[in-house]
**Q** 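Provided herewith is a single structure, encoded as structure tokens, for subsequent inquiry.
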Amino acid sequence: MSGAGEAPVVRERALELLRGMLRIRQFEDRCAQLYGEQKIRGFLHLYNGQEAVATGVMECLGPEDSIVATYREHGHAIARGIPMTTLMAEMYGKREGVSRGRGGSMHLFDAATRFYGGNAIVAGGLPMAVGLALANRLARRSGIAVCFFGEGAAAEGEFHESLNLAALWHLPVLFVCENNLYAMGTALARSQATTDIAVRARTYTLEAQAVDGMDVLAVAAATRRAVASLRAGGGPVLLECRTYRFRAHSMFDAQLYREREEVEAWRERGPLISFTRRIKAAGLITEDDFQRLQAEAEAEVDAAVVFAESGEWEPVEDLGRFVYAETGA
Amino acid sequence: MSGAGEAPVVRERALELLRGMLRIRQFEDRCAQLYGEQKIRGFLHLYNGQEAVATGVMECLGPEDSIVATYREHGHAIARGIPMTTLMAEMYGKREGVSRGRGGSMHLFDAATRFYGGNAIVAGGLPMAVGLALANRLARRSGIAVCFFGEGAAAEGEFHESLNLAALWHLPVLFVCENNLYAMGTALARSQATTDIAVRARTYTLEAQAVDGMDVLAVAAATRRAVASLRAGGGPVLLECRTYRFRAHSMFDAQLYREREEVEAWRERGPLISFTRRIKAAGLITEDDFQRLQAEAEAEVDAAVVFAESGEWEPVEDLGRFVYAETGA
Amino acid sequence: MSEARTTTTYREALREALRAALRADERVFLMGEDVGRYGGSFAVSKGLLAEFGEERVRDTPLSESAFVGAGIGAALGGLRPIVEIMTCNFSLLALDQILNNAATLCHMSGGQFPVPLVIRMSTGAGRQLAAQHSHSFEGWYAHIPGLRILAPATLADARGMLGSALHCPDPVLIFEHIALLTLEGELAAEAGDVDIRHAAVRRTGRDITVVTYGASLHKCLEAASELGREGIELEVIDLRTLRPLDDETIMGSVRRTHRLLVVDEGWRSGSLAAEVGMRAVEQAFFELDAPIARVCTEEVPVPYPRHLEDAALPSVARIAAEARRLVSRVP
Amino acid sequence: MSEARTTTTYREALREALRAALRADERVFLMGEDVGRYGGSFAVSKGLLAEFGEERVRDTPLSESAFVGAGIGAALGGLRPIVEIMTCNFSLLALDQILNNAATLCHMSGGQFPVPLVIRMSTGAGRQLAAQHSHSFEGWYAHIPGLRILAPATLADARGMLGSALHCPDPVLIFEHIALLTLEGELAAEAGDVDIRHAAVRRTGRDITVVTYGASLHKCLEAASELGREGIELEVIDLRTLRPLDDETIMGSVRRTHRLLVVDEGWRSGSLAAEVGMRAVEQAFFELDAPIARVCTEEVPVPYPRHLEDAALPSVARIAAEARRLVSRVP
Ligand SMILES: Cc1ncc(C[n+]2csc(CCOP(=O)(O)OP(=O)(O)O)c2C)c(N)n1
Ligand SMILES: Cc1ncc(C[n+]2csc(CCOP(=O)(O)OP(=O)(O)O)c2C)c(N)n1
Ligand SMILES: [Mg+2]
Ligand SMILES: [Mg+2]
């Protein structure tokens with residue numbers, strides 16, 4: 001198994017990608033459960049169904065690259081390599097959390113991995129990503145900026161302004177649009193006159209491509225090409241990853257806007273199911289391998305929950321800290 | 001003389017169009033002079049060079065249509081049929097002005113002709129035009145909304161959002177982009193990755209067309225087609241009128257960003273010069289006709305100045321009027 | 001005359017107001033993100049799409065500036081749009097339209113173009129939605145001339161303010177507090193338009209005037225009960241309309257109690273509380289027996305964890321403590 | 001030690017500050033609409049493109065939200081961007097980025113991501129630019145935790161505040177008043193960074209504390225001269241930094257004069273003046289011998305004609321009249 005110009009799918013890589021997606025899935029399922037138990041509060045937007053996107057993209061990035069994501073960013077954070085422990089502590093709002101508990105599910109931040117959030121304003125992260133890329137360019141660093149957002153964000157003015165700016169200045173930004181067909185309850189065709197995001201992106205002179213977002217190898221292949229071009233000094237690239245969210249928009253969603261059959265049909269094409277089937281068929285992994293990975297992921301999530309549970313609350317006296325930087329002025 | 005499907009250019013029409021452009025030119029030149037005399041203050045953005053656009057578009061509209069324009073809107077107001085007297089009084093800030101003096105050059109309003117300003121925030125008028133069209137649609141009225149804006153506005157998020165909304169809802173909006181190549185001192189190619197506005201508009205599924213904005217007949221022909229389509233229930237249309245401003249951006253502009261030769265070359269193609277040459281050559285009008293129109297326009301401007309000069313200042317006690325509507329609540 | 005009453009919630013009252021408005025006037029329509037198929041992000045407009053159809057209950061794209069601006073245009077065009085901005089947190093994206101157009105057109109056009117637009121948005125914190133989803137901007141918006149700002153705190157106001165706003169020729173912003181959606185109580189079956197020009201005294205008392213609005217009203221009333229048991233009588237005023245302010249009701253009360261506490265959910269500096277306090281200084285300074293006090297939100301982006309969020313927001317305990325402090329200060 | 005001094009203007013001082021900042025630190029760059037080829041809409045950045053090149057003096061498209069957001073990203077990426085928003089009137093289009101990102105990221109990320117961004121914008125009325133181009137939003141922005149708000153009123157501050165802002169790890173907004181651009185005076189040749197933590201007493205006086213900032217400072221000083229001739233001594237405080245406020249300097253003065261007048265160019269309701277007044281009530285109530293007074297902009301979109309604009313804005317006459325009224329009131 002291997003695509004043109006793409007990293008070969010050897011056993012190690014197959015296991016790694018599967019492991020990546022399984023970890024996200026397990027984490028998300030546990031979050032849903034913890035939400036039911038009221039351990040996690042506020043808004044919670046799960047990534048089930050979209051695991052191939054974060055996993056495929058992150059495989060191609062280096063530590064020098066910067067990530068900007070949305071409120072549906074657990075998967076990106078996990079794939080980027082932020083430990084589940086501190087992520088889960090953040091879900092709980094504990095001071096051991098990646099954002100010291102202040103952010104919660106929608107606002108995961110991690111300086112060590114250049115993970116710039118966690119933005120709960122739709123399209124609000126796009127300009128920031130442009131700026132991170134600009135910084136790399138001006139400082140003559142090789143890093144690129146990768147910005148994840150939903151297809152709903154493409155209706156916002158900031159999408160337009162950011163794509164234009166990135167294209168005009170020829171900046172190393174990878175825009176990853178996760179087109180899961182719905183923005184809350186609004187189907188893409190009901191909110192945007194042109195539903196082909198890649199086509200639209202091209203009118204800004206960006207390189208743009210639509211990818212099967214359910215296929216982790218396809219996502220990785222497209223990303224690898226994009227990253228190579230960006231590092232070689234090419235202009236911004238947009239990948240439209242066609243995907244689907246299996247769960248509700250957030251935990252407050254009765255899903256009146258879509259049919260159960262539609263969800264079921266997409267589940268059939270799910271990134272985990274399809275990839276597992278494929279690598280098993282290719283003889284790269286066995287059912288035992290799968291079970292082991294699943295068990296490992298579960299154990300990791302268990303440990304993360306233990307970590308979170310045993311974490312501490314930020315003292316109330318520290319409420320006002322970090323409103324301004326503590327590093328002198 | 002006559003284009004395909006276009007109104008024939010008979011003597012009456014030729015005189016009317018020429019008269020329309022001359023009136024604007026004379027008004028603008030007088031405004032420049034009055035600015036020098038400090039009779040007009042604040043920001044003053046003149047329309048010289050772009051007369052063919054407002055004149056050609058307005059020729060095709062009816063009283064049921066709504067107009068939204070920018071701070072460079074004297075020409076549109078005149079072409080729409082607002083009397084020069086009350087326009088000039090507005091330039092002076094007199095209570096006899098169209099906006100009772102409160103608006104000044106950038107904020108001409110006239111309910112009688114459905115002239116909705118006069119907006120000094122770049123791209124700020126586009127959403128309003130969409131709403132005016134929506135009102136016509138919902139109230140099952142035949143009127144369309146016409147929105148003028150510069151090519152600089154096309155970089156703003158509101159351009160994107162408004163075009164998408166108009167296209168999605170299939171609303172009767174005519175977007176008229178007056179591409180005069182510069183937004184203040186910034187050339188289009190230095191600010192937008194794609195310089196072809198019409199091409200970009202089409203990605204929203206709008207009908208879009210680039211027109212020679214120096215040719216009043218071409219503008220009118222394109223507008224007439226667009227209006228017919230809009231009245232017949234077609235979706236929004238964008239006309240990109242390629243034009244040039246002969247004067248500075250506003251009265252505070254040293255014009256460091258463009259060469260005198262470039263300005264001269266465009267002046268040669270000016271809408272008044274070229275149209276006059278053409279209709280004279282076609283034997284539709286004589287030099288005497290031209291002189292007479294010019295004299296009439298001058299006299300009209302003179303009268304407008306007299307009107308403005310003899311106008312009154314709104315009493316200071318009335319400063320707070322109209323912050324809220326005076327028609328009951 | 002005894003009135004028929006029904007049990008309802010703030011959410012249902014809001015929905016009933018929408019339904020009544022859509023029924024009463026053909027020119028009225030509702031637009032916003034997810035108001036239709038989804039039923040409204042807080043289920044306020046649930047069922048309205050089915051009842052009124054897509055023309056009058058319009059789902060919009062994620063384009064706050066465009067659809068608010070379109071609301072302005074539609075109002076100018078003779079309709080009576082109700083624009084829903086899902087939450088006030090996203091209203092910043094439409095602020096240019098709100099301030100430079102909706103609030104300004106009438107004056108700037110010399111009175112030719114009033115903008116009879118209603119914008120509804122949810123506001124407030126208390127549900128652990130963290131920094132970007134917990135803003136209370138209503139007091140901040142009250143700075144803008146040309147706007148009318150309403151903040152329903154009761155079922156009657158949730159039911160009535162929309163209709164009154166639609167009868168007003170000016171742009172009206174209605175801030176619906178997310179923490180009140182499940183508030184339950186009785187409402188007259190005939191409930192409808194309410195007076196949107198006056199504040200309401202929700203509890204009378206002789207010792208301290210407490211001025212507040214929105215969700216904080218209920219905290220103030222709770223504090224008032226608590227202090228009542230200690231013999232301290234709070235007079236609780238619900239501003240209801242944050243712009244223009246009803247100075248008369250406020251000052252009338254201050255002249256009786258000689259003490260003023262202002263409670264609001266905005267950040268403290270530049271809060272509406274500062275404005276109310278300053279007006280009392282300007283209009284009733286010599287009546288005051290103690291410094292004016294305020295309880296507002298702490299000056300931090302509201303954090304996610306419950307204990308920190310609670311610490312950031314006005315609480316019954318903080319309100320009661322301030323009230324006690326106020327009466328303990330002698331002139 | 002005598003200092004070399006040069007004659008300069010506010011505009012030139014601003015330009016010199018930019019030049020010095022670009023020279024001093026490679027990470028600094030300037031971006032905004034027409035800052036390059038056009039030379040800045042108010043000619044502040046004239047010549048800088050030629051000196052520093054296109055990488056560091058970047059003309060942007062008309063995309064306020066994107067280029068302000070890009071400034072935030074660039075700051076996070078280790079640079080020291082100076083973003084110019086042509087005028088504060090257009091800053092509303094970028095307000096979401098400023099409030100929900102620049103002001104919030106540091107806290108929301110638990111201190112990981114301070115945003116060392118400087119945003120400059122012109123502010124103010126007085127040049128007959130009418131409703132949409134005459135806003136004074138600095139006091140309104142001062143409501144937002146996480147921001148620092150500066151308002152240079154003098155040549156030294158025009159020259160010095162930018163450098164100080166760039167040395168600060170927080171997002172700093174600098175509001176440059178359009179009516180001051182031509183202000184002329186002397187400046188030390190060595191002028192540079194200034195203290196941005198404290199207000200400055202620009203004139204001492206025993207009778208009334210006048211708190212103000214920006215262009216209004218000069219009106220207050222003129223009023224002070226006028227009243228000085230009548231034997232009424234105003235102490236004039238230039239806030240300089242509008243957030244966080246320097247309470248100590250204000251209260252120190254109020255405790256001496258026992259009277260407070262606040263002057264600012266924002267609309268009256270919800271003005272910064274209300275906040276300053278409220279703080280004085282909270283911190284110095286028993287020191288006050290008279291109600292606090294304020295002179296602000298009338299609550300109208302600023303109209304075009306000179307006489308109405310003058311009537312809308314704080315004027316020397318209104319300031320002087322309020323001051324006279326204040327001293328005439330006995331405790
Ligand atoms: C500016 C803004 N408007 C509205 C919202 C409310 N909201 C949160 S998520 C969402 C849908 C976004 O859809 P999409 O961009 O497709 O991302 P997805 O949730 O599908 O991942 C909406 C409307 C918001 N957070 N920000
Ligand atoms: C939102 C906004 N940003 C900046 C400005 C300042 N400004 C006024 S006109 C202008 C140039 C606009 O160019 P364009 O849209 O091409 O129109 P033109 O002036 O050429 O007619 C700018 C930057 C503004 N008025 N509004
Ligand atoms: Mg989506
Ligand atoms: Mg232009």
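Letters A, B, ... are given to chains in the order of the sequence lines, protein chains preceding strands, and every chain is numbered from 1.
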**Q** Closest heavy-atom contact between C:Leu62 and A:Ala153?
**A** CD1-N, 4.3 Å
**Q** On a heavy-atom basis, which atom in C:His307 and which in A:Glu314 lie closest, and how many Å separate them?
**A** NE2-O, 2.7 Å
**Q** Measuring from A:His249:NE2 to C:Asp34:CG, what's the distance to the nearest 0.5 Å?
**A** 8.0 Å
**Q** So which residue, C:Pro303, C:Pro305, C:Ala130, C:Ala312, ends up with the most heavy-atom pairs under 4.5 Å with chain A?
**A** C:Pro305
**Q** Given a strict heavy-atom distance threshold of 4.5 Å, which part of C:Ser41 is in contact with chain A: side chain, backbone, both, or neither?
**A** both
**Q** If I measure from the heavy atoms of chain A, does C:Gln132 come under 4.5 Å with its side chain, its backbone, both, or neither?
**A** both
**Q** Out of C:His133, C:Glu298, C:Arg127, which one racks up the most heavy-atom pairs below 4.5 Å with chain A?
**A** C:His133
**Q** With sequence neighbours left out, write down each residue that passes side chain to side chain contact (heavy atoms under 4.5 Å, CB included) with A:Ala89, or none if nothing qualifies.
**A** A:Lys94, A:Glu96, A:Phe307, A:Ala308
**Q** Sort A:Tyr92 into side chain, backbone, both or neither according to what part of it lies under 4.5 angstrom from a heavy atom of chain C.
**A** backbone
**Q** Most heavy-atom pairs under 4.5 angstrom with chain C, which of A:Glu158, A:Met106, A:Glu156?
**A** A:Glu156
**Q** Between CD1 of A:Ile121 and OG1 of C:Thr87, what distance do you get to the nearest 0.5 Å?
**A** 7.0 Å
**Q** Please flag which part of C:Leu92 lies under 4.5 Å from any non-hydrogen atom of chain A: side chain, backbone, both or neither.
**A** neither
**Q** With a 4.5 angstrom heavy-atom cut-off, is it the side chain or the backbone of A:Asp318 that approaches chain C, or both, or neither?
**A** neither
**Q** Is the number of heavy atoms from other residues, nucleotides or ligands under 6.0 Å of C:Glu55 CD greater than 12?
**A** yes
**Q** Tell me, for A:Glu90 versus chain C, whether the close heavy atoms (under 4.5 Å) come from the side chain, the backbone, both or neither.
**A** backbone
**Q** For A:Leu44, which atoms come within 4.5 Å of any heavy atom of chain C: side chain, backbone, both, or neither?
**A** neither
**Q** Taking the six-membered ring for Trp, are C:Tyr304 and A:His107 closer than 6.0 Å centroid to centroid?
**A** no
**Q** Select, from C:Val300, C:Asp310, C:Val302, the one with the greatest count of heavy-atom pairs under 4.5 Å involving chain A.
**A** C:Val300
**Q** Please determine, among A:Leu256, A:Val323, A:Leu319, the option with the most heavy-atom pairs under 4.5 Å with chain C.
**A** A:Leu319
**Q** Anything in residues 183-195 of chain A with a heavy-atom distance to chain C below 4.5 Å? Please list those residues in order.
**A** A:Ala183, A:Met184, A:Gly185, A:Thr186, A:Arg190, A:Ser191
**Q** With a 4.5 angstrom heavy-atom cut-off, is it the side chain or the backbone of C:Glu309 that approaches chain A, or both, or neither?
**A** neither
**Q** Between C:Ser65 and chain A, with a heavy-atom cut-off of 4.5 Å, which part of the residue counts as in contact: side chain, backbone, both or neither?
**A** neither
